[in-house]
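We're numbering straight along the sequence, starting at 1. The analysis underlying the following values was restricted to heavy atoms, covering all of them including side chains, and did not include hydrogens, waters or symmetry mates.
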Amino acid sequence: MDARAGEGVREICGYALRPWLPVLAGFTVQSREQSERFLRDYYRTLGDCFRDNFYGRCRRCVTATG
């Protein structure tokens with residue numbers, strides 16, 4: 001994960017990624033509900049990035065080649 005991933009989460013979800021990273025290792029940050037909300041946001045953002053950057057590029061390449 002690079003710095004752009006943190007920027008993407010901040011842009012999309014409105015908060016910094018770094019304080020929530022322990023949640024990805026199974027720890028609870030602040031509360032269980034907030035940690036679960038972070039995981040939903042994180043995986044949604046990850047899926048959106050994958051969709052936009054991988055499938056979007058594939059679609060552009062296929063469209064360009066006919």
Side-chain angles (χ1 to χ4, degrees):
M1 184 179 314
D2 62 13
R4 292 176 297 172
E7 292 168 10
V9 171
R10 183 184 307 269
E11 257 179 48
I12 295 167
C13 301
Y15 53 83
L17 176 65
R18 185 174 295 243
W20 295 94
L21 288 178
V23 176
L24 297 176
F27 294 96
T28 298
V29 174
Q30 294 184 12
S31 72
R32 181 177 177 191
E33 292 79 20
Q34 288 178 316
S35 295
E36 289 173 355
R37 185 172 23 161
F38 164 76
L39 285 174
R40 282 192 304 271
D41 290 348
Y42 176 79
Y43 288 118
R44 185 190 72 217
T45 302
L46 196 62
D48 290 348
C49 289
F50 194 83
R51 179 198 65 217
D52 296 344
N53 294 306
F54 178 72
Y55 291 119
R57 182 169 175 83
C58 287
R59 185 177 63 161
R60 287 188 301 275
C61 288
V62 168
T63 302
T65 60

Name every donor-acceptor pair, under 3.5 Å, that has one atom in a side chain of residues 17-33 and the other anywhere in the protein, sequence neighbours excluded.
from: Q30; atom 1: OE1; to: Q34; atom 2: NE2; distance (Å): 3.3
from: S31; atom 1: OG; to: Q34; atom 2: N; distance (Å): 3.2
from: R32; atom 1: NE; to: E36; atom 2: OE2; distance (Å): 3.1

- Item | Residue pairs passing the salt bridge (charged side-chain N to carboxylate O under 4.0 Å, His left out) test where at least one lies in residues 21-31, sequence neighbours excluded | none
- Message: Can you pull out every salt bridge (charged side-chain N to carboxylate O under 4.0 Å, His left out) where at least one residue sits in residues 19-30? Sequence neighbours excluded, please.
- Response: none
